[in-house]
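Nothing here was measured: the structure is a model prediction, and the numbers come from that model. Hydrogens, waters and symmetry mates play no part in the numbers below; they use all other heavy atoms, side chains included.
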Amino acid sequence: MKYTTMFKILMLLLQKKKITAAEVARRYEVSVRSVYRYVEELTVCGVPIDVERGRYGGLSVADTFRLPTGYFTRDEYAAVVNAIDAMCSQISDENLISAREKFESRQKSENRNNTVCGNVIVDGGTWADDKKFSDKMNVCERAVNERLSLLIDYVSRGGEHSKRVIDPHVLVFKQNVWYVWAFCHTKQNFRTFKIGRIKSASFTGNTFVKREFTRDDIDLNFTERVSELKEVTLSIDKYSLPDAEEWLGIDNIEPRGGNFIANLFLPDDDILVNKILGYGGTVKVMYPPELKEKIRNAALKIAESV
């Protein structure tokens, strides 16, 4: 009985944009306290349910959440919903109505494909993310195109969560990473958000008027806020050249002797140290000497821990 009710609540949340705990409790004849307990268990299971307290609060599931694709194909879902509609027009049965609601909730996942623009397919996610990144890209892309405000759960590099309402204006692709440039209602200013750090995103139901801007208005050197950019010269072994080209860019690498040299400005932080160490000695620091020392010390720590 408990898990049946939890499943019904999940299907209801997928169907509704937002619903109060009291309404859920009345529908399934349980206490409001039980509803919150079920919601907590669903959250532990990985369902991103947002709980808003107060007069205009309620329960909602992030638009980036999808049911497993193995349930039915889209055409199968449409056929079942049409058949149930036909039955409901002839007889009024609560079980049929409930079944239709469950199938209709599936339509929230309209498009599980990677972001597609003309003849270009974009997938900025990892190999094993099961299209979760693409789902977030789809939501952000739709928000930009249709001028829809988003409620996002954003996780900073320090692990801090923050709920923000943003008005996405444009998507930015830099250094093989996708960002969304948006007006943040919390900061009352434009901010650049890394899409990979958006844990969940939901449409608020509100639209916004896009502010006029040019490319120069977008600060594309936002890495400088995290760390200072320093001139770096790297020696690259030919066996690591393909990976280094994808990291640094082909235009920044030139052949010299039997190896390849890259001279450019990079963020001076631990990420750079770890990146160079990841090449296992096939990418070496020629300049500056303080970066060479950081690499040497980090390698010694690794050797001592083995």
Side-chain angles (χ1 to χ4, degrees), residues 114-134 136-137 140-141 155-158 170-181 192-198 215-306:
N114 296 334
T115 301
V116 178
C117 180
N119 296 321
V120 179
I121 297 178
V122 175
D123 184 5
T126 61
W127 289 107
D129 72 354
D130 192 28
K131 297 187 178 180
K132 291 179 182 178
F133 183 88
S134 297
K136 288 187 285 189
M137 280 289 295
C140 291
E141 183 184 30
V155 184
S156 69
R157 284 180 57 85
V170 68
L171 297 175
V172 177
F173 185 65
K174 183 171 182 177
Q175 284 288 303
N176 298 323
V177 178
W178 279 101
Y179 303 84
V180 57
W181 188 68
T192 304
F193 299 94
K194 188 175 182 180
I195 293 180
R197 290 201 163 275
I198 297 177
R215 188 181 187 278
D216 293 335
D217 294 324
I218 306 174
D219 183 6
L220 296 177
N221 292 320
F222 39 79
T223 53
E224 293 185 35
R225 302 171 190 158
V226 179
S227 55
E228 181 184 357
L229 294 178
K230 284 192 174 181
E231 185 178 7
V232 175
T233 303
L234 302 173
S235 173
I236 304 165
D237 188 284
K238 63 179 180 179
Y239 298 106
S240 295
L241 180 62
D243 289 335
E245 287 175 336
E246 293 180 4
W247 171 34
L248 302 170
I250 292 177
D251 295 335
N252 293 316
I253 302 175
E254 60 181 32
R256 188 179 301 176
N259 286 341
F260 297 83
I261 301 297
N263 182 260
L264 69 169
F265 286 85
L266 295 172
D268 182 21
D269 54 20
D270 291 339
I271 296 178
L272 177 59
V273 173
N274 292 334
K275 185 72 175 180
I276 295 173
L277 283 173
Y279 282 91
T282 58
V283 172
K284 298 178 181 178
V285 177
M286 300 177 65
Y287 179 86
E290 55 267 26
L291 179 58
K292 296 174 69 173
E293 187 65 21
K294 286 183 181 180
I295 298 293
R296 184 180 296 108
N297 292 337
L300 287 174
K301 284 183 179 181
I302 293 174
E304 290 172 359
S305 65
V306 175

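- Expressed to the nearest 0.5 Å, how far CG of L266 lies from CG of L272 amounts to 5.5 Å.
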Working for side chain to side chain contact (heavy atoms under 4.5 Å, CB included), residues V273 and L291: CA-CA 8 Å; V273 173; L291 179 58; 4.2 Å; yes
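- Salt-bridge annotation for K284 and D237: absent, with no side-chain N of the basic residue lying under 4.0 Å from a carboxylate O of the acidic one.
- K136 and I195 make their closest contact through NZ-O, 3.6 Å (heavy atoms, listed as atom of the first residue, atom of the second, distance).
- Separation of atoms CH2 (W178) and CG (L171) is listed at 6.0 Å; rounding is to 0.5 Å.
- The structure places CG of L234 at 11.5 Å from OG of S240, a figure rounded to the nearest 0.5 Å.
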Worked check of side chain to side chain contact (heavy atoms under 4.5 Å, CB included) between N259 and K238: CA-CA 6 Å; N259 286 341; K238 63 179 180 179; 5.7 Å; no
Stepwise salt bridge (Lys or Arg N to Asp or Glu O under 4.0 Å) check, E293 with R296: CA-CA 5 Å; E293 187 65 21; R296 184 180 296 108; 2.6 Å; yes
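- Interatomic distance, CD1 of I261 versus CD1 of I253, reported as 10.0 Å (0.5 Å rounding).
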Check against side chain to side chain contact (heavy atoms under 4.5 Å, CB included), I236 and L248: CA-CA 11 Å; I236 304 165; L248 302 170; 4.1 Å; yes
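- Atom CD in E245 sits 9.5 Å away from atom CG in D243 (nearest 0.5 Å).
- When side chains are defined from C-beta on, T192 counts as touching Y179, because their heavy atoms get closer than 4.5 Å.
- Taking both residues in full, the closest heavy atoms of P267 and L229 are given as N-CD2, 3.4 Å, listed atom of the first, atom of the second, then distance.
- Salt-bridge annotation for K292 and E290: absent, with no side-chain N of the basic residue lying under 4.0 Å from a carboxylate O of the acidic one.
- Expressed to the nearest 0.5 Å, how far CD of E254 lies from CG of N263 amounts to 8.0 Å.
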